[in-house]
Amino acid sequence: MQTYKALHTRIYNGEKSHYVNFDFDDPNTNNGWFVYDDIMWWTCALARAYETFGTKAYLTYSEKSFCRVWYGSAKVGDDGSYADPARFEGKYGGGMFWEWQPIANPKPHQPGDFRSACINFPTVIAACLLHQLVPEGRKAPTTARPTQQTKEWYLEKAKEIYAWADKTLVRSDGCVADGIHGGGPEYSDHLYNQATYIGASCMLYLLTQEIIYLTKAQRAANYVISSMCTGGILKYETGYEQGIYAAIYAQYMRTLIYDCGLSSALVNKYLTHIQRNIEKAYTNMDKERGIQIGNFSKSTSADDVVESYGASGMPALMLMFPASDTATPVASFGEKEQDGPSDVYTPDGRLVMKGATPEQVHQLDSGLYIFQRKKILVR
């Protein structure tokens, strides 16, 4: 754990230094902030970092970034991502706008400006995370642009944005539209959008226990398997950022499979789908470098330029899921397995139990755990 914590700290410090010291009111297009969904991804990442390590600054930055997106920035001059139904009438109200324009000296949003899935569902996820993390008993802020909100407010807004986006952007078969301008939803298959919809649905199900959210998550996952795979393998979307979609999908499919109490039949169905993709990607990786280009169906050659986005898909799936129903080693080269009691972690590094015995591990809730440097699948 300490090794990964040290690595996390190095990455965090480097990212903070690069991204204008997390000044979310700096809109420069080189290393600042100029589109809402990029900021919201940091909201989620910082919330999870706080959940894992307990560093207060992470929660502070997470809330500041969420509120900057929601309310806009006095410094930048934008009016915020939230398409307040009190301001925008009828079909033009509700949900979240994707961007402000121009980046410098922006104009107020207008009816018909783009409201995309890629800001709406991450906003739901971020609000759910913050609802779980902020303390009880806060007083509601009274300023026009607060930098934090109450626990209850975050959950209320998660439900509100989800309700609008689910009704407006999601078909009955689970297909998620890319977004909407002034007309109808614009449908095109993107694993990113399916994944964040699955994640938002699962998180609201876990918070509310309302079964409709779980039903919608399953419907979206089933759509990916039936309509976004060729021969069972995820279709690859070309472009610089597309490779990371499988990593996002891995994160939220893990929540669906291990945290939501699915039947054994559904768990097996989804695990078979995931494991088939892991095996295909692993077969097609460049064995010399140990990396895969992101297109799981394409063999990665020694001459291929592999970007970090593209390379992230295969290891994300491998970290989140077992290659089979048996435990698989995840120790570093040269490490020896431990015997006896050992700490138990989730694959994303959260401590579950200290000094557990193998018998205690198998009494845990069903899911995937790291124990004695192995992945353990508890059914």
Side-chain angles (χ1 to χ4, degrees), residues 1-70 73 75-76 118-119 122-123 125-135 147-149 154 192 195-196 199 203 240-241 243-252 254-255 291 306-320 330 332 343 345-352 370 373:
M1 182 67 172
Q2 291 303 314
T3 300
Y4 291 111
K5 184 176 182 180
L7 177 60
H8 156 82
T9 300
R10 288 174 56 198
I11 294 172
Y12 170 81
N13 289 338
E15 296 287 335
K16 184 181 179 185
S17 176
H18 177 77
Y19 290 110
V20 292
N21 207 37
F22 288 156
D23 177 0
F24 297 106
D25 296 312
D26 186 333
N28 86 75
T29 56
N30 182 36
N31 56 350
W33 313 95
F34 52 88
V35 66
Y36 290 123
D37 68 313
D38 286 355
I39 302 175
M40 194 58 74
W41 276 109
W42 273 105
T43 303
C44 295
L46 289 160
R48 292 193 176 100
Y50 173 72
E51 183 180 26
T52 302
F53 299 110
T55 303
K56 185 62 187 304
Y58 299 162
L59 182 59
T60 299
Y61 282 127
S62 183
E63 290 200 84
K64 281 184 176 180
S65 59
F66 187 98
C67 290
R68 186 266 173 270
V69 170
W70 190 273
S73 166
K75 178 179 176 182
V76 176
C118 74
I119 178 60
T123 296
I125 292 168
C128 287
L129 288 168
L130 290 172
H131 165 74
Q132 296 174 86
L133 295 173
V134 303
T147 57
Q148 63 179 33
Q149 267 291 355
Y154 285 122
Y192 173 174
T196 55
M203 293 187 76
Y240 175 70
E241 293 186 345
I244 203 169
Y245 289 7
I248 300 168
Y249 182 61
Q251 179 178 22
Y252 295 120
R254 180 193 178 280
T255 303
I291 55 177
V306 181
E307 299 164 340
S308 58
Y309 273 118
S312 68
M314 181 183 75
L317 287 165
M318 294 172 75
L319 284 168
M320 294 291 105
V330 293
S332 300
D343 295 346
Y345 296 91
T346 61
D348 54 359
R350 286 175 285 182
L351 179 66
V352 175
I370 306 298
R373 292 189 293 271

Enquirer: Measure the spacing between CG of Asn21 and CD of Glu15 and express it to the nearest 0.5 Å.
Expert: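 If I round to the nearest 0.5 Å, the distance is 13.0 Å.
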Enquirer: Side-chain contact, heavy-atom cut-off 4.5 Å: Val76 with Arg68?
Expert: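 Val76 vs Arg68: side chains touch.
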Enquirer: Name all residues meeting the side-chain hydrogen bond (donor to acceptor under 3.5 Å, both in side chains) criterion together with Tyr58; count only those two or more places apart in sequence or in a different chain, and write none if there are none.
Expert: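 Residues passing side-chain hydrogen bond (donor to acceptor under 3.5 Å, both in side chains) with Tyr58: His8.
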Enquirer: Decide yes or no on side-chain contact (heavy atoms from CB on, under 4.5 Å) for Asp37 and Thr123, but give the supporting numbers first.
Expert: CA-CA 8 Å; Asp37 68 313; Thr123 296; over 6 Å; no
Enquirer: Hey, could you give me the CG/CZ distance between Leu317 and Arg254, rounded to the nearest 0.5 Å?
Expert: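 Here the rounded value is 13.0 Å.
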Enquirer: Has the side chain of Ser17 got a donor or acceptor atom that lies under 3.5 Å from a matching backbone atom of Gly14?
Expert: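 Answer holds: no.
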Enquirer: First locate atom CD1 of Ile119, then atom CE of Met40, and finally report the distance between them rounded to the nearest 0.5 Å.
Expert: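 The distance works out to 4.5 Å.
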Enquirer: Would you give the length of the straight line joining atom CD1 of Ile125 to atom CZ of Arg48, rounded to the nearest 0.5 angstrom?
Expert: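 Ile125 CD1 to Arg48 CZ: 6.5 Å, rounded to 0.5 Å.
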Enquirer: Rounded to the nearest 0.5 Å, how far apart are OH of Tyr154 and CG of Leu133?
Expert: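 Atom-to-atom, Tyr154:OH and Leu133:CG are 10.0 Å apart.
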Enquirer: For a salt bridge (charged side-chain N to carboxylate O under 4.0 Å, His left out) with Lys75, tell me which candidate from Asp25, Asp26, Asp23 qualifies.
Expert: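 The salt bridge (charged side-chain N to carboxylate O under 4.0 Å, His left out) with Lys75 is passed solely by Asp23 among Asp25, Asp26, Asp23.
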Enquirer: To the nearest 0.5 Å, tell me how far Thr147 OG1 sits from Phe66 CZ.
Expert: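 Thr147 OG1 to Phe66 CZ: 13.0 Å, rounded to 0.5 Å.
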Enquirer: Are the aromatic rings of Tyr19 and Trp41 close, with centres under 6.0 Å apart?
Expert: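 No, the ring centres sit 6.0 Å or more apart.
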Enquirer: Counting distance only, does the side-chain N/O of Ser62 pair as donor-acceptor with the main-chain N or O of Thr43 below 3.5 Å?
Expert: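 Confirmed, Ser62 side chain pairs with Thr43 backbone.
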Enquirer: In sequence, state the C-alpha distance, the side-chain angles, and the governing distance for Met203 and Leu129, and then conclude on side-chain contact (heavy atoms from CB on, under 4.5 Å).
Expert: CA-CA 8 Å; Met203 293 187 76; Leu129 288 168; 3.6 Å; yes
Enquirer: Kindly determine whether Gln148 and Val134 satisfy side-chain contact (heavy atoms from CB on, under 4.5 Å), including the steps that lead there.
Expert: CA-CA 9 Å; Gln148 63 179 33; Val134 303; over 6 Å; no
Enquirer: Just do the ring-ring contact (aromatic ring centres under 6.0 Å, His included) check on Trp42 and Phe24 with the steps written out, would you?
Expert: CA-CA 10 Å; Trp42 273 105; Phe24 297 106; 7.9 Å; no
Enquirer: Using a 3.5 Å distance criterion without hydrogens, assess whether the side chain of Gln251 forms a donor-acceptor pair with backbone atoms of Ala247.
Expert: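 Checking the backbone N and O of Ala247 against the side chain of Gln251, no donor-acceptor pair under 3.5 Å is found.
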Enquirer: Ignoring hydrogens, what is the shortest heavy-atom contact between Phe53 and Lys5? Give both atom names and the distance.
Expert: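 Scanning both residues completely, I find the closest heavy atoms to be CE2-CG, 3.5 Å.
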Enquirer: If I compare all heavy atoms of Asp38 with all of Trp33, which pair ends up nearest, and what's the gap?
Expert: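 Heavy atoms of Asp38 and Trp33 come nearest at O-CZ3, 4.2 Å.
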Enquirer: Please evaluate residues Phe22 and Leu46 with respect to the criterion side-chain contact (heavy atoms from CB on, under 4.5 Å), reporting the C-alpha separation (whole Å), side-chain torsions for both, the decisive distance (0.1 Å), and the verdict.
Expert: CA-CA 11 Å; Phe22 288 156; Leu46 289 160; 4.1 Å; yes
Enquirer: Provide the closest heavy-atom pair for Tyr192 versus Ile248 in the form atom of the first, atom of the second, distance.
Expert: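 Heavy atoms of Tyr192 and Ile248 come nearest at CD2-CD1, 4.4 Å.
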Enquirer: Answer yes or no: is there a donor N or O on one side and an acceptor on the other, between the side chain of Ser65 and the main chain of Tyr61, under 3.5 Å?
Expert: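 Flag set: sc Ser65 to bb Tyr61 pair under 3.5 Å.
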